[in-house]
Amino acid sequence: FSASAQLFDVPEDPWSGNLALGLGFPMTDLTEVTYTGYKPNLAVSAGIGLQLRNNLRLRGDLLAGFLNGNNANSYFQAEIFEGNLALEYNLISLLEENTNFKLNLVAGAGAGLLNSNRFDINTRQRIAEVPSPPGSIYSYQVHGLGGVNVMIPIQKSLDLTLGYVQRVVIDQPWIDGLESGEATDMY
């Protein structure tokens with residue numbers, strides 16, 4: 001393996017771990033956050049990374065999150081569980097080869113489970129539940145993802161990462177429990 005590592009300029013220990021806390025922004029028909037009982041749109045994720053080259057990293061993450069929002073008539077609450085596989089390409093490496101600071105472009109894909117319900121904002125009665133297979137409370141979703149992150153070295157083996165990743169859910173317009181004219185929802 002060491003010959004392969006030298007050939008591709010991979011660090012001595014190419015494996016790394018990821019822990020993240022994220023704030024979600026649903027891009028659906030119900031985008032306000034004004035209903036009574038609104039909960040923060042938060043997600044937690046954990047995963048592993050494999051440094052393929054000094055400027056290219058493959059990462060896999062598992063995520064659990066909560067999204068909600070409203071309009072004047074209704075609100076939705078959604079649970080999302082997903083797995084993602086993405087590549088991170090360090091743009092800084094194009095300018096400077098020997099730096100620990102990273103500005104990464106991120107692109108990948110994922111799949112997951114979704115449970116979403118929409119409620120009347122006044123009566124709190126459920127209006128709709130995301131279509132799901134018979135006998136299941138979750139529906140399946142597939143998504144592409146893209147974004148950018150900045151990795152700031154804190155210690156030799158610890159980086160603080162700040163970033164933005166947008167998911168485009170393929171053929172799934174029901175994250176907010178409302179099927180719109182759009183073919184898909186995003187978050």
Side-chain angles (χ1 to χ4, degrees), residues 14-33 37-52 56-70 75-91 102-119 128-133 136-152 154 157-180 182-187:
W15 294 98
S16 59
N18 312 309
L19 290 174
L21 175 65
L23 183 60
F25 299 100
M27 296 172 197
T28 66
D29 295 319
L30 305 177
T31 58
E32 296 176 35
V33 289
Y38 172 79
K39 299 175 185 151
N41 290 322
L42 292 176
V44 294
S45 69
I48 58 172
L50 174 62
Q51 199 73 36
L52 301 173
L56 188 64
R57 180 174 177 239
L58 177 66
R59 64 183 286 172
D61 293 285
L62 296 175
L63 177 141
F66 185 81
L67 296 172
N68 62 163
N70 67 283
Y75 66 94
F76 80 96
Q77 295 180 332
E79 296 174 325
I80 296 173
F81 302 96
E82 64 186 40
N84 298 302
L85 194 59
L87 285 172
E88 293 177 322
Y89 181 79
N90 182 9
L91 295 173
K102 295 178 181 95
L103 174 61
N104 294 315
L105 283 180
V106 180
L113 300 172
L114 166 72
N115 175 284
S116 184
N117 291 281
R118 188 166 48 97
F119 301 90
E129 183 174 2
V130 151
S132 57
S136 173
I137 59 170
Y138 293 100
S139 65
Y140 180 71
Q141 72 176 30
V142 177
H143 57 268
L145 57 94
V148 62
N149 67 38
V150 175
M151 298 176 83
I152 304 162
I154 304 292
S157 60
L158 180 64
D159 292 341
L160 173 64
T161 303
L162 304 169
Y164 173 82
V165 174
Q166 181 167 330
R167 288 156 175 81
V168 178
V169 184
I170 299 166
D171 197 30
Q172 172 65 286
W174 309 289
I175 287 177
D176 57 5
L178 178 67
E179 185 174 4
S180 64
E182 304 283 326
T184 189
D185 280 341
M186 296 183 278
Y187 58 97

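Note that the numbering runs from 1 along the sequence shown for the chain.
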Steps toward side chain to side chain contact (heavy atoms under 4.5 Å, CB included) verdict (D159, I152)
CA-CA 5 Å; D159 292 341; I152 304 162; over 6 Å; no
Give me the atom names and distance for the closest heavy-atom approach of M186 to T28.
O-CG2, 4.3 Å
Contact summary for A109 and L145, nearest pair of heavy atoms:
N-CG, 4.1 Å
Pairwise distance [atom1]([X]) to [atom2]([Y]) - rounded to 0.5 angstrom:
X    : Y    : atom1 : atom2 : result
S16  : R59  : OG    : CZ    : 8.0 Å
L91  : L105 : CG    : CG    : 4.0 Å
L63  : N84  : CG    : CG    : 6.5 Å
R167 : Q141 : CZ    : CD    : 9.5 Å

The test is side chain to side chain contact (heavy atoms under 4.5 Å, CB included); show your working for E88 and K102 and say whether it passes.
CA-CA 10 Å; E88 293 177 322; K102 295 178 181 95; over 6 Å; no
Assess the residue pair W15 and L50 against the criterion (side chain to side chain contact (heavy atoms under 4.5 Å, CB included)); give the C-alpha distance rounded to whole Å, side-chain angles, the decisive distance to 0.1 Å, and a yes or no.
CA-CA 5 Å; W15 294 98; L50 174 62; 3.7 Å; yes
Any chance the side chains of Q77 and Y75 put a donor and an acceptor closer than 3.5 Å?
no
Is there a donor in the side chain of N149 and an acceptor in the side chain of N104, or the other way round, less than 3.5 Å apart?
yes
Is the backbone N or O of I137 less than 3.5 Å from a side-chain atom of N115, with the two atoms forming a donor-acceptor pair by type?
yes
